[in-house]
Amino acid sequence: MIHWDDIRYFLAAARGGSVRAAAKRLGVNHATVLRRIAQLEERLGTQMFEKLPSGYRLTAAGEEVLEFAEQMQASSHQLETRVFGRDQSVRGLLRVTLTPILATHLLMPDFADFARLHPDIEMEILSSGELANLTNRDADVAIRVVYDRQTLPLNLHGLKGPELFGGVYISRDRLTAWHEGAPDPIRWTVISTHGIPDWASAGEVVTTGSPFRVTDAAAEIAAVRQGLGITTLPCFVGDADPLLVRVPGTELHMYGTLWILTQGETRKTKRVRLFTEFISHRFAAHAPLLAGLTILRY
C-alpha cells in the first residue's frame with residue numbers, strides 16, 4: 001500500500017530538485033526525506049530519482065509517478081476543502097448529552113431557541129444519566145455537573161459555567177398543613193439508588209416513618225408535589241416550581257459547577273462553536289437561579 005505521506009515527500013523533492021529543498025519545505029530533517037523516498041521506491045519496486053551533482057532528477061518512472069502524485073494531491077486538497085466547508089457551515093447533526101433533569105427543567109427552552117435560530121442544524125438531545133464518551137464520538141457536546149475540576153479528562157476542552165446549588169423542598173400545601181398541626185407524617189422522598197444525602201437535614205420539619213422511594217427524578221418531584229414528604233432538589237427545580245417551597249431551617253448545598261465539554265477537532269466545527277457560545281451565554285443568565293438566589297420562599 002502506498003502511503004500519502006510518502007507521496008508528499010516525493011512531491012517536495014521532485015519540485016524542489018533536492019533533498020535539502022524538500023526537507024526545508026516540509027520542516028523536517030534531511031534523513032527523514034531520504035527514508036520516505038526510499039520507502040516509496042521499495043513499495044513501487046523502481047528508482048524515481050537520479051542523484052546528480054546539481055541535485056535530484058526524476059527518472060522515467062519518476063515522471064510517471066509525478067503525474068499521479070499531483071492528481072492525488074489535488075484530490076486530497078479537494079477533500080479537505082469540502083470537509084472543512086461542511087464543518088464550517090451552519091448545518092448537520094449536533095448531539096448534546098446531559099442529565100434528564102437539566103434538559104427538562106432548565107435547558108429545553110434554550111435548546112428550542114437555538115433550533116429556531118439554526119433550522120439547518122439537526123439537534124439530538126441525549127438526556128440520560130449515563131456519561132457519553134466524547135472521544136468515541138457518542139456525542140459532540142456534554143453538559144455536566146462537575147464537583148472537582150481535576151476529575152475532568154485531560155483530552156476534553158471545557159467552558160466553565162455557573163455553580164449549581166440544591167436545597168430541601170416540600171409541597172407548599174403540605175407545609176401549611178404542618179404549621180396548622182396536621183397529624184399526617186412527613187417522610188423523606190428519595191431516589192432509591194441515592195438515598196438521603198449526607199448534607200441534607202429536615203430543618204424545622206419533623207420527619208417520621210420510612211422513606212418513600214422512587215426510581216427517577218420525575219417521580220420524586222411528583223411525589224413531593226402530592227404532599228408525601230420532603231426531598232432534595234436542585235434550586236433551579238425547586239425554586240421555579242410554584243407548588244414547592246424550601247423547608248424552613250434548611251441550608252443550601254453546592255452540587256458542583258456546570259461545564260460545557262467538547263473534544264478534539266469536533267469543537268472547531270461551526271455548529272459546535274455556535275452552540276457552546278449560545279449555551280454559555282444562557283448559563284450566565286441562569287446563574288442566579290442555579291445558585292438559589294432568585295426566590296426565597298418559606
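Quick note: residue numbers are just sequence positions, from 1.
- For Phe236 against His105, the heavy-atom pair with the smallest separation is CE1-CB, 3.7 Å.
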Please output the side-chain donor-acceptor pairs of residues 32-42 that fall under 3.5 Å, not counting sequence neighbours, one pair per line with the distance.
{"from": "Thr32", "atom 1": "OG1", "to": "Asn29", "atom 2": "OD1", "distance (Å)": "2.7"}
{"from": "Arg36", "atom 1": "NH1", "to": "Asp6", "atom 2": "OD1", "distance (Å)": "3.0"}
{"from": "Gln39", "atom 1": "NE2", "to": "Asp6", "atom 2": "OD1", "distance (Å)": "3.2"}
{"from": "Glu41", "atom 1": "OE2", "to": "Met48", "atom 2": "N", "distance (Å)": "2.9"}

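- Using a 4.0 Å cut-off between charged nitrogen and carboxylate oxygen, Glu124 and Arg95 do not count as a salt-bridge pair.
- When all heavy atoms of Ala202 and Thr250 are compared, the pair lying nearest together is C-CG2, 4.0 Å.
- When every heavy atom of Gly16 is checked against every heavy atom of Ala21, the shortest pair comes out as O-CB, 3.7 Å.
- Cluster annotation: Leu244 is not connected to Val214 through the hydrophobic network of ILVMFWY side chains, with a link wherever side-chain heavy atoms come within less than 4.5 Å.
- Within the 6.0 Å centre-distance limit, the rings of Phe49 and Phe10 are counted as a close aromatic pair.
- Using a 4.5 Å heavy-atom threshold, the side chains of Ile230 and Thr207 count as touching.
- One finds the CZ atom of Arg116 at 13.0 Å from the CZ atom of Phe111 (value rounded to the nearest 0.5 Å).
- Under the 4.5 Å side-chain heavy-atom criterion for grouping Ile, Leu, Val, Met, Phe, Trp and Tyr, Phe165 is not connected to Leu106 through any hydrophobic cluster.
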Q: With side-chain hydrogen bond (donor to acceptor under 3.5 Å, both in side chains) as the test, would you mind laying out the steps for Asp239 and Tyr169 before giving the verdict?
A: CA-CA 9 Å; Asp239 288 347; Tyr169 293 86; 2.9 Å; yes
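- Around CG of Asp120, the count of heavy atoms belonging to other residues, nucleotides or ligands within 6.0 Å exceeds 12.
- Under the 3.5 Å distance criterion, the side-chain polar atoms of Thr189 are left unmatched by any main-chain donor or acceptor of Glu220.
- Residue Ser127 holds its OG atom at 6.5 Å from CE of Met108, rounded to the nearest 0.5 Å.
- Scored by the ring-ring contact (aromatic ring centres under 6.0 Å, His included) test, Phe68 finds no partners at all (sequence neighbours excluded).
- Here Ile170 contributes atom CD1 and Arg246 contributes atom CZ; the two are 14.5 Å apart, rounded to the nearest 0.5 Å.
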| query | After noting the C-alpha distance and the side-chain angles of Phe283 and Ile279, does the key distance pass the side-chain contact (heavy atoms from CB on, under 4.5 Å) rule? | reply | CA-CA 6 Å; Phe283 273 176; Ile279 290 298; 3.8 Å; yes
Next on the checklist: Ile186 vs Thr208, test: side-chain contact (heavy atoms from CB on, under 4.5 Å). Steps then yes/no.
Outcome noted: CA-CA 6 Å; Ile186 295 178; Thr208 57; 5.8 Å; no
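- Atoms CG and CD, from Leu93 and Glu122 in turn, are 5.0 Å apart once rounded to the nearest 0.5 Å.
- We find that Arg271 and Asp140 are not joined by a salt bridge, their nearest charged nitrogen and carboxylate oxygen being 4.0 Å or further apart.
- Residue Glu70 qualifies as enclosed at atom CD: its count of foreign heavy atoms under 6.0 Å is above 12.
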**OP:** List the steps, then state whether side-chain contact (heavy atoms from CB on, under 4.5 Å) holds for Ile121 with Phe275.
**Re:** CA-CA 10 Å; Ile121 293 179; Phe275 177 78; over 6 Å; no
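- Closest heavy-atom contact between Thr257 and Trp259: O-CD1, 3.3 Å.
- Note on Phe278: it clusters hydrophobically with Leu107, by side-chain heavy-atom contacts below 4.5 Å among ILVMFWY residues.
- Taking the six-membered ring where tryptophan is involved, the planes of His253 and Tyr255 are perpendicular, since the angle between them exceeds 60° and thus also 30°.
- When hydrophobic clusters are built by joining Ile, Leu, Val, Met, Phe, Trp and Tyr residues whose side-chain heavy atoms come closer than 4.5 Å, directly or via intermediates, Val145 is not grouped with Leu252.
- Heavy-atom minimum distance, Ile191 versus Ala217: CD1-N, 3.7 Å.
- Considering CG of Leu258 and CG of Leu102, their distance stands at 6.0 Å, rounded to 0.5 Å.
- No chain of hydrophobic side-chain contacts below 4.5 Å, direct or via other Ile, Leu, Val, Met, Phe, Trp or Tyr residues, connects Ile196 to Met254.
- The environment of CD in Glu50 is crowded: more than 12 heavy-atom neighbours from other residues, nucleotides or ligands sit within 6.0 Å.
- We find the CG-OG distance between Leu52 and Ser18 to be 12.0 Å, quoted to the nearest 0.5 Å.
- Across every non-hydrogen atom of Asp113 and Arg282, the tightest pair is OD2-NH1, 3.0 Å.
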TODO: Let me see the working for Tyr9 and Leu26 under side-chain contact (heavy atoms from CB on, under 4.5 Å), right down to the final yes or no.
DONE: CA-CA 8 Å; Tyr9 285 87; Leu26 297 172; 3.3 Å; yes
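- Within 6.0 Å of CZ on Arg15 lie more than 12 heavy atoms contributed by other residues, nucleotides or ligands.
- Other residues, nucleotides and ligands place no more than 12 heavy atoms under 6.0 Å from the CZ atom of Arg25.
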